[in-house]
Chemist: 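Pasting a structure here, questions to come.
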Amino acid sequence: MSDEEHHFESSDAGASKTYPQQAGNIRKGGYIVIKGRPCKVVEVSTSKTGKHGHAKCHFVAIDIFTSKKLEDIVPSSHNCDVPHVNRTDYQLIDISEDGFVSLLTDNGSTKDDLKLPTDEALLTQLKTGFEEGKDIVVSVMSAMGEEQMCALKEVGPK
Amino acid sequence: MEDHVLSSVHSTVFKESESLEGKCDKIEGYDFNQGVNYPKLLRSMLTTGFQASNLGEAIDVVNQMLDWRLADETAVDEDCSEEEKDPSYRESVKCKIFLGFTSNLISSGVRDTIRYLVQHHMVDVIVTTAGGVEEDLIKCLAPTFKGDFSLPGAYLRSKGLNRIGNLLVPNDNYCKFETWILPIFDDMLKEQKEENVLWTPSKLLARLGKEINNESSYLYWAYKMNIPVFCPGLTDGSLGDMLYFHSFRSSGLVVDVVQDIRAINGEAVHATPRKTGMIILGGGLPKHHICNANMMRNGADYAVFINTGQEFDGSDSGARPDEAVSWGKIRGSAKSVKVYCDATIAFPLLVAETFASKRDQTCEPKT
């Protein structure tokens with residue numbers, strides 16, 4: 001629709017996907033990369049320097065895309081990777097046959113590469129709302145080259 | 001009438017005793033009028049009584065372990081091989097010695113006595129706990145210090161000092177250990193994946209002995225002399241902590257205890273025609289593990305226990321050698337002694353009168 005047609009690729013070649021942060025500074029509710037997966041920290045406990053060696057941080061975190069629980073233990077002075085996590089809102093245009101959604105971006109172009117959410121409740125809410133002809137805005141969470149719909153809201157009746 | 005009572009009381013109090021002359025040794029301590037002669041002082045312990053006598057007997061048993069040769073056994077099995085009948089072969093076959101000790105002894109200076117024994121291949125199999133290994137390695141990286149039993153725990157914690165009895169180990173020592181060992185575990189994991197190495201506690205310890213490469217470490221000498229060090233409880237110490245942390249960053253290192261139980265029981269079972277002897281300092285896992293292995297060959301021929309355990313609670317740690325005989329862990333015909341004493345006192349003295357003095361005799365006199 002607009003004059004410029006920008007293709008916003010999901011992986012940005014220039015900027016980095018993560019940034020380093022000292023393990024001792026990562027708190028509950030923050031983000032951390034464990035085994036290459038972007039995760040949200042649900043529990044941190046620190047064991048002080050002792051017989052087991054240097055002081056360590058024990059992280060329990062949930063993968064933001066798969067909801068799997070992951071654990072890691074890191075010396076508190078070490079640097080960990082923290083993912084850049086972005087949330088963007090898009091208006092829903094269409095749900096396609098092959099499991100993708102069509103979204104309207106800020107500058108008026110369409111984004112068609114987002115898959116339907118795997119979460120049952122969200123999927124049902126999306127399909128029902130769309131079939132009823134409601135205006136739906138979806139929130140898309142993106143980190144480390146992956147993205148997923150994480151929430152939606154209905155904005156006023158048609 | 002009074003005379004009768006008197007003589008009856010007399011015979012009650014002064015009951016005729018059996019003469020022990022010629023049957024038992026007389027009690028006689030060391031006479032310092034002959035000057036301070038340490039070898040004589042130690043030899044006098046045998047007739048000093050109580051635990052000194054037990055230590056004296058333990059010294060005797062260990063010397064018997066060291067002196068025995070297959071040639072001493074006059075009854076030759078008809079179905080033994082030609083080699084076993086050869087007199088010069090029989091002169092060369094010695095007793096196989098199992099040495100076990102708890103980790104506190106390695107924190108103490110007894111570590112250096114043990115290093116001496118391993119350095120000169122005077123023992124054949126070693127069994128210890130995780131602490132018995134890591135304390136030896138850590139001493140190569142940083143020292144342990146003398147403290148006091150009465151130092152308050154909370155104060156020590158605030159200073160980052162760990163107390164082992166009246167010894168102190170700074171936390172920093174364990175940090176150095178962590179920095180040293182984690183890359184080695186990385187290499188071992190790599191070898192497991194790429195070269196299909198299946199690690200066991202004894203193989204892991206041989207590798208650590210090779211890596212520490214320090215002549216003050218008994219583990220280093222065990223690696224050089226090919227003496228297996230068994231440690232089925234490898235995870236119960238700082239070593240276990242390191243394995244735990246390592247598994248988060250790079251998981252998958254496997255340590256197989258089954259292969260090691262085959263190996264140690266094999267050491268006992270295939271010892272024949274050699275006799276076996278056990279020298280065990282302390283109780284717990286090392287004591288039982290060695291006795292159990294010897295049970296596989298119907299019992300050890302010599303046993304020396306040096307520990308402070310008591311039998312009244314039924315524990316294996318406090319059990320006397322005779323209890324082990326009931327299990328078949330020590331032969332009925334065996335020579336065994338228990339010395340109720342802290343091994344930091346008893347063991348260096350025992351080694352002085354056995355292993356070390358025999359070696360001094362066979363070595364050239366120093367100029």
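Reminder, nothing fancy here: chain letters follow the sequence lines and each chain counts from 1.
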Chemist: Of the listed residues (A:Lys35, A:Lys48, A:Lys56, A:Glu71), which shares the most heavy-atom pairs with chain B below a 4.5 Å separation?
Modeler: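 The residue among A:Lys35, A:Lys48, A:Lys56, A:Glu71 with the greatest pair count is A:Lys56.
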
Chemist: Give the minimum heavy-atom separation between B:Cys140 and B:Ser216, together with the two atoms involved.
Modeler: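 Heavy atoms only, the tightest pair is SG-OG, 3.7 Å.
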
Chemist: In chain order, what residues pass the side-chain contact (heavy atoms from CB on, under 4.5 Å) check against B:Cys341, with sequence neighbours excluded?
Modeler: B:Val339, B:Ile345, B:Ala346

Chemist: Between B:Ser238, B:Pro170, B:Cys175, which shows the greatest number of heavy-atom pairs under 4.5 Å with chain A?
Modeler: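 Looking at each option in turn, the highest pair count goes to B:Cys175.
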
Chemist: Considering only heavy atoms, which portion of B:Asn171 lies under 4.5 Å from any heavy atom of chain A: side chain, backbone, both, or neither?
Modeler: both

Chemist: Under a 4.0 Å N-O cut-off, is there an ion pair linking A:Lys111 with A:Asp113?
Modeler: yes

Chemist: Who wins among B:Met242, B:Arg157, B:Arg249 for the most heavy-atom pairs under 4.5 Å with chain A?
Modeler: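 Highest number of heavy-atom pairs under 4.5 Å: B:Arg249.
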
Chemist: Would you check if there is a donor-acceptor pair between the side chains of B:Thr200 and B:Asp256 at a distance under 3.5 Å?
Modeler: no

